[in-house]
Structure formats: structure tokens, C-alpha cells
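Note sheet for the following structure.
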Amino acid sequence: MGATVINGKEFAASVREKVAEHVTRLKEDNNITPGLAVVLVGEDPASQVYVRSKGKQTVEVGMNSYEHKLEADTSEEDLLALIAQLNNDPAVHGILVQLPLPDHLDSDLVINAIDPAKDVDGFHISNVGLLGTGQKSMVPCTPLGCLMMLRDHHGSLSGLNAVVVGRSNIVGKPMAQLLLGDSCTVTIAHSRTKDLPSVVRQADIVVAAVGRPEMVIGDWIKPGATVIDVGINRIEAADGKNRLVGDCHYESCAEVAGAITPVPGGVGPMTIACLLANTLTACCRANGLPEPDGLTA
Ligand code: GUN
């Protein structure tokens, strides 16, 4: 195993530390405390875990956390009324509506009701358009975390061949836009791509976000390439216990790659760290203050 292991857990801790330092200065110099509102509709167990973790980490970096837990049968009208209230609340700088929403709610409608300046997920259609045209926007947290790790490892990404495997709105598409913004040559591949192995073999940077356990194998990786594994898949191991694996087969990829993110402990911890970074960025922009260095795209 020759690859450098990119430690997302440590990297995320350093991002949170930078955020916390900036929050302290905002309080001391400007008497401002950034605030993040998280809205959870229903009782999906995985969503409850994420929301709890977001709230805890928000408070740990010195920000205000506002949790809104709504019944699973909440009407669209009531949810939109809450979003309007949060849009108008000057103490709230970031709003996150936990997905997936129950089936009777229209996610696009709900997300697009959030003030784009407070859309710390970067899912609002305005932010998607701003990112696509290279303008200042709120950037989705997981791809932002991947970009931070890639910049840290490579310095400049200019001219590198990047292959993003996966075309989701949450990861694949914004990841491709961010890599283009850093002057990579970008290919978006997916489950229907013809001869996927030969496409991936061209990559200096592989970002795997397809949601298929251990699909990308070492034989597909160009020697020395950087492998960023966004996948989090729970599989049953030979001993009958559950195990978390990524979209890349770790052992075989690590033998060939120059650097690789593990699962768990790679990209995962970066997502909430970047949510906190985005909340801080939104707060600075709302108050006409300089944005934090190294925490934005
Ligand atoms: N559910 C799973 N991932 C995410 C995310 O990044 N943002 C939101 N709002 N919901 C999610």
C-alpha cells in the first residue's frame, strides 16, 4: 500500500478550529454570533442522527444552533411559513432543511423558498446557477470538503485530469463545476458510461460518488492518482456484522493510488465542517465583513 492516506477526520477538525477562531473574533470585534437553523421533518432515524450531530458541532464552534423538528405530516404551507420566518430572522445566517423530505412535500419547491444568501447547502437554483457561471455562491458542503482536501494535497489543481464518477445534484455536478473552476480538465462519468474503467484510468484525480459499494477497483486507477471516495455504504461482511465501505475498493485502490481518502474518516467528517464554514461565510457576507480565508471555493 503506497498511497498517502488523506485524513478527513483531522482535516475536518482543523476546519472547525479555523471556524471557531473566526467566530470568536466576530463576537469580540463585531458583537455578532453566526446562527444556523436546521429543519427536520419527520423521524427518519439517519436524519435524526445527522441533525443532532450538526447541532452539537454548531454549538462547539461557538455559533447559535436553532433546531426545528416538525411532525412527519406537516403541511407544505406550514413548512414554507417556517422558512419565511427564518429568512426574515436576522439572527439566522444559515438555513438547512434536512433531506429527504416526506413524499407529500415538494423538495425543489421547499429548497427554492430558502433565501439563497442563507442556503448553506448550496442547493437553491440561484446558487446552482451562480456556481455554474463561476460567480460567488453558496457551495454544497460535500464537494467543498473534497475541494479543500484536493487543494491541500496538490496545491494547484490546474491542468489535472479529473474524473467525477456520479452525476447527482448534491455531489457529482457541483464537484465537476468546482474542479473546472480550479482549471482541471473534467469528465463526469456515471453508471451508464461506456468502458468506465478506461475513462477512470485517464484521471489524475478520481472523485467517486455513485453510491455503489466498492465499485471502483485498483485496476481502474492510474498509478499515483488521487482517489477521493465520497461513498458511505453499509454492507454485511463475511462475519455477518455490518461494515461501512466507500464507492472504491480501498485495499486495491490504495496499492496503486498516490493518495486516497478512507471510509470512514475521509470525506464524511468534512461535510459538517463545511456546513459550519458556509454558515460563517453567509454571516460575514450578510454583515458586509471580509470572508474567512481558505474556507470558501
Ligand atoms: N441529507 C443527506 N445529505 C444531506 C445534505 O448534505 N444536506 C441536506 N439538507 N440533507 C441531506
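Just follow the structure's listing: the first ligand is 1, and inside any ligand the first atom is 1.
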Seminar exercise, completed: Smallest heavy-atom separation, Asn242 atom then Glu236 atom, equals OD1-CA, 4.0 Å
For ligand 1, find each of its N or O atoms that sits under 3.5 Å from a protein N or O atom, and tabulate the pairs with distances to one decimal place.
| residue | atom | partner | partner atom | Å |
| --- | --- | --- | --- | --- |
| ligand 1 | 1 (N) | Gln98 | NE2 | 3.2 |
| ligand 1 | 1 (N) | Leu99 | O | 2.9 |
| ligand 1 | 7 (N) | Asp121 | OD1 | 3.1 |
| ligand 1 | 7 (N) | Asp121 | OD2 | 3.2 |
| ligand 1 | 9 (N) | Val97 | O | 2.8 |
| ligand 1 | 9 (N) | Asp121 | OD2 | 2.6 |
| ligand 1 | 10 (N) | Leu99 | N | 3.0 |

Exercise. Is it the case that one hydrophobic cluster holds both Val206 and Leu144, taking links as side-chain heavy atoms less than 4.5 Å apart, direct or via other members?
Worked result: no
Exercise. Are Thr133 and Gln135 linked by a side-chain donor-acceptor pair shorter than 3.5 Å?
Worked result: yes
Exercise. Would you call Thr58 and Leu276 a side-chain contact if the rule is heavy atoms closer than 4.5 Å?
Worked result: yes
Exercise. Which heavy atom of Arg16 sits nearest a heavy atom of Val61, and at what distance?
Worked result: O-CG1, 3.6 Å
For this session: Give a yes or no answer on whether the side chain of Gln202 reaches the backbone of Asn161 with a donor-acceptor pair at less than 3.5 Å.
Result: no
